[in-house]
Amino acid sequence: MKIIIKKCLGKILKKIESQKKDLIKFEVLESFESFKIMEDFKNQVDDDKFERDLERALNRRKPFQNFKNLIDNSDYREKWFQFKQKEIEKIVIKNIERNNTGI
């Protein structure tokens with residue numbers, strides 16, 4: 001099994017290396033970027049109580065965990081995932097445009 005995986009990975013790595021100039025590397029979001037997305041979501045929530053709950057969650061210790069717990073147990077879970085997806089797509093598009101302009 002290890003040999004098969006190693007051969008497959010070797011082929012993939014060779015292909016990546018040969019096309020390196022055509023690829024764009026995307027880094028994982030920094031925590032401040034993820035936090036900003038959560039804040040932006042909080043600001044567009046139309047339920048005042050839930051918005052305040054999210055605000056408190058983000059201002060307490062372990063804001064990411066607090067935010068996740070609130071979202072996962074709310075009617076806003078699906079809206080959060082859609083919002084986050086759109087925000088990440090905007091970041092990806094911005095990085096692609098920056099890469100294409102050579103900045």
Side-chain angles (χ1 to χ4, degrees):
M1 182 70 157
K2 286 183 181 180
I3 294 171
I4 294 171
I5 292 172
K6 194 172 182 179
K7 283 183 179 181
C8 288
L9 284 177
K11 289 178 184 177
I12 292 169
L13 290 174
K14 283 180 184 177
K15 187 172 184 176
I16 290 171
E17 194 61 39
S18 70
Q19 298 176 353
K20 204 172 192 173
K21 67 180 181 335
D22 299 324
L23 302 176
I24 299 172
K25 182 178 179 181
F26 290 94
E27 301 292 338
V28 175
L29 292 181
E30 297 282 342
S31 59
F32 74 89
E33 293 170 305
S34 295
F35 191 87
K36 175 80 169 98
I37 292 172
M38 292 186 301
E39 279 187 321
D40 290 345
F41 179 76
K42 172 200 61 96
N43 292 334
Q44 61 90 47
V45 167
D46 57 5
D47 178 333
D48 291 341
K49 182 190 177 319
F50 192 65
E51 182 181 356
R52 286 191 304 274
D53 290 345
L54 289 173
E55 178 74 28
R56 281 192 292 278
L58 291 173
N59 287 320
R60 290 193 336 244
R61 202 171 134 264
K62 297 187 178 183
F64 292 92
Q65 180 179 341
N66 296 330
F67 185 90
K68 181 185 180 317
N69 288 340
L70 272 175
I71 290 294
D72 284 348
N73 297 302
S74 76
D75 295 335
Y76 286 90
R77 188 172 190 275
E78 200 54 45
K79 287 182 182 180
W80 159 244
F81 288 119
Q82 291 170 0
F83 181 86
K84 183 179 175 186
Q85 180 69 34
K86 286 179 183 174
E87 294 302 304
I88 291 172
E89 287 172 6
K90 288 178 192 175
I91 292 169
V92 168
I93 289 168
K94 189 176 177 181
N95 285 337
I96 290 170
E97 289 171 348
R98 184 180 306 135
N99 188 274
N100 285 337
T101 59
I103 296 174

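Note that the structure is a prediction, hence the values are computed from the model and not measured. Index from 1, following the sequence.
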When rounded to the nearest 0.5 angstrom, what distance separates [atom1] in [X] from [atom2] in [Y]?
X: Lys14; Y: Lys11; atom1: NZ; atom2: NZ; result: 9.0 Å
X: Glu55; Y: Asp48; atom1: CD; atom2: CG; result: 12.5 Å
X: Ile96; Y: Glu89; atom1: CD1; atom2: CD; result: 10.5 Å
X: Lys62; Y: Lys68; atom1: NZ; atom2: NZ; result: 14.0 Å
X: Lys79; Y: Asp46; atom1: NZ; atom2: CG; result: 5.5 Å
X: Leu70; Y: Lys42; atom1: CG; atom2: NZ; result: 12.5 Å

Give the minimum heavy-atom separation between [X] and [Y], together with the two atoms involved.
X: Pro63; Y: Leu58; answer: CB-O, 3.5 Å
X: Arg98; Y: Asn95; answer: NH1-OD1, 3.0 Å
X: Phe64; Y: Ser31; answer: CZ-O, 3.5 Å

Review point. So, Lys49 and Asp53, do they make that salt bridge, N to O below 4.0 Å?
Key: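 Between Asp53 and Lys49 there is a salt bridge, with a charged N closer than 4.0 Å to a carboxylate O.
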Review point. Under 4.0 Å between a Lys/Arg side-chain N and an Asp/Glu carboxylate O for Lys90 and Glu87?
Key: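 Yes, this pair counts.
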Check your understanding: Is any side-chain heavy atom of Val45 less than 4.5 Å from a side-chain heavy atom of Trp80?
Key ->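 No, their side chains stay 4.5 Å or more apart.
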**Study point:** Asn59 vs Asn66 side-chain heavy atoms within contact, under 4.5 Å
**Key:**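 No, side chains not in contact.
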Check your understanding: Around Asp75, counting heavy atoms of other residues, nucleotides and ligands shown, do more than 12 lie under 6.0 Å from its CG?
Key ->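 No.
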Exercise for review: Mind telling me whether Tyr76 and Phe50 have parallel, tilted or perpendicular rings, with 30° and 60° as the class edges?
Suggested key: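 Ring orientation, 0 to 90° scale: parallel.
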Practice item. Please report the C-alpha distance between Asn43 and Glu51 in whole Å, then the side-chain angles of each, then the deciding distance to 0.1 Å, and finally whether the side-chain contact (heavy atoms from CB on, under 4.5 Å) criterion is met. Key: CA-CA 7 Å; Asn43 292 334; Glu51 182 181 356; 4.2 Å; yes
Point to revise | Under 3.5 Å donor-acceptor, Gln19 side chain and Ile16 backbone | key: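 No.
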